[in-house]
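Here the structure is a predicted model, which is why all the values come from computation and not from measurement. Atoms considered below: every heavy atom in the structure, side chains included; atoms not considered: hydrogens, waters and symmetry mates.
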Amino acid sequence: MVECFHSAYRKNHSTETALLYVTSAVKTAMDKKQGTILLLVDFSSAFDTINQNILVRRLLLRYGFVGKALDWLTSYLKERTQRVVIGDQSSSTTTLTTDVPQGSVLGPLLFSLYVQPIGDIIRAHELFFHQYADDLQVYTHFDLTHSTLVAAVKQMEDCLDEVKVWMARNSMFMNDGKTQYLSIVPKSADAIMDKSVIRVGEATITASRCVQCLGVCIDRHLDMKKQVSQTISACSFYLRNIIYIYIYIYIYIYIYIYFFIYIYVYIYKIHTYIHTYIHTYIHT
C-alpha cells in the first residue's frame, strides 16, 4: 500500500537508505558515461495543507477502505479544533478542515497515502524519484551532450507542471523558488552545465554546484569534498569546545583542591591552637 520509494516512517528505512538509493543510481549512471539531473522539490507546509475530504475519498477509492474502518478513520480526522493561547488571552476556536494530526502514529502514514499519486505522475513521465516525508527528489539520466541535456530538462519541466496541477487540485503547494536544481556530471562535462537552467512554475532555477539533500551536501561531481569539509569544520568546532570545557574543569578542580587544602590547613591550625591552649592553661 505504501509507496516503495518512500523512505520515511517505515522499518529499516531512513534518510541514509534514501540517500544511498539516489547516490547509487547516480554513480551507476556516471559509470555508463551519463549525467544526472536532480531536482529537490520543496512542499509548502505539506502536513498542514492535507484536505481531509480528499483524503477520506482517496482512502475509499484508491485503497479500498470501507465500512467501519473508513468510519473510524473519518472520525479520527474530522471535527478537530484548534485555538491559540498566549498568556491569559485565547483566540476563538476554529474547526480544522485541513491537515493530519502530527506527532501521532497515523498522521505520517496518512500523509504518505495522500501524496502517493505524485509517484504515478513521475513514472508516467519516465523519470525516477525518491521521497522522504515531504522531501521529494526527482531525477533522470542523460547522455553527455547539449541536445540530450535540453531534452532531459524539458522532460523534467513537463513532469513538474503536471505535479503542480495535481497539487493545486489537492490543496497542496510547491514552493517554486526553494526548489533546488543540480546536474551531476564528470569534470570533463562541466562546460555544458555551467549555464543550464530549469523552469519550475513561475521560477527559473540555475543549476547549482552543490545542494543540501536530507542534510548531506551533494556536489556536481559527487566527490563529496564539500560534505567532508563541512563535517571536518563541525568536528573542529566541537573539539575546540571540548578543549575549553576541559580547561574550565581543570581550573575549577585546581581551585577546589586549593581551597580544600587551605581550609584543611586552617582547620588543622585551629585544632592545634585549641589543643595547645587547653594543654597549657587548663591542665597546668
Report yes if the side chains of [X] and [Y] come closer than 4.5 Å at any heavy-atom pair, otherwise no.
{"X": "Pro186", "Y": "His221", "result": "no"}
{"X": "Ile205", "Y": "Thr179", "result": "yes"}
{"X": "Val185", "Y": "Phe142", "result": "yes"}
{"X": "Ile218", "Y": "Leu222", "result": "yes"}
{"X": "Val163", "Y": "Val138", "result": "no"}

Practice task
Would you kindly say whether Thr93 and Arg83 are connected by a side-chain donor-acceptor distance under 3.5 Å?
Solution key: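 No, Arg83 and Thr93 have no side-chain donor paired with an acceptor closer than 3.5 Å.
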Exercise for the section: Report yes or no: do Ser236 and Ser233 form a side-chain donor-acceptor pair below 3.5 Å? Expected result: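 Distance-only check fails for Ser236 and Ser233.
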Exercise for the section: Of all the heavy-atom pairs spanning Asp219 and Lys226, show the shortest one and how long it is. Expected result: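 Scanning both residues, the minimum pair turns out to be OD2-N, 4.1 Å.
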ILVMFWY network linking [X] to [Y], side-chain heavy atoms under 4.5 angstrom:
{"X": "Val228", "Y": "Val216", "answer": "no"}
{"X": "Leu73", "Y": "Leu55", "answer": "yes"}
{"X": "Leu144", "Y": "Tyr181", "answer": "yes"}
{"X": "Ile37", "Y": "Val197", "answer": "no"}

Practice task
Mind running side chain to side chain contact (heavy atoms under 4.5 Å, CB included) on Asp135 and Asp42 for me, showing each step along the way?
Solution key: CA-CA 7 Å; Asp135 292 313; Asp42 185 79; 5.6 Å; no
Handout entry: Of all pairs that satisfy salt bridge (Lys or Arg N to Asp or Glu O under 4.0 Å), the ones with a partner from residues 149-166, not counting sequence neighbours
Key =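 Found Lys154-Asp158, Asp161-Arg199, Lys164-Asp176.
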Problem - Arg62/Asp120 salt bridge by N-O under 4.0 Å criterion - result: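 Salt bridge present between Asp120 and Arg62.
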Handout entry: Ring geometry between Phe65 and Tyr63 (parallel below 30°, tilted from 30 to 60°, perpendicular above 60°)
Key =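 Tyr63 vs Phe65 ring planes: perpendicular.
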Practice task
Over 60° means perpendicular and under 30° means parallel, so classify the ring planes of Trp166 and Tyr114, tilted if in between.
Solution key: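 If you compare the ring of Tyr114 with that of Trp166, the planes turn out perpendicular.
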For a quick test of your reading: what N or O donor-acceptor pairs under 3.5 Å do the side chains of residues 17-24 make, sequence neighbours left out?
residue: Thr17; atom: OG1; partner: Ser14; partner atom: N; Å: 2.8
residue: Thr17; atom: OG1; partner: Ser14; partner atom: O; Å: 2.8
residue: Thr23; atom: OG1; partner: Leu19; partner atom: O; Å: 2.7
residue: Thr23; atom: OG1; partner: Leu20; partner atom: O; Å: 3.3

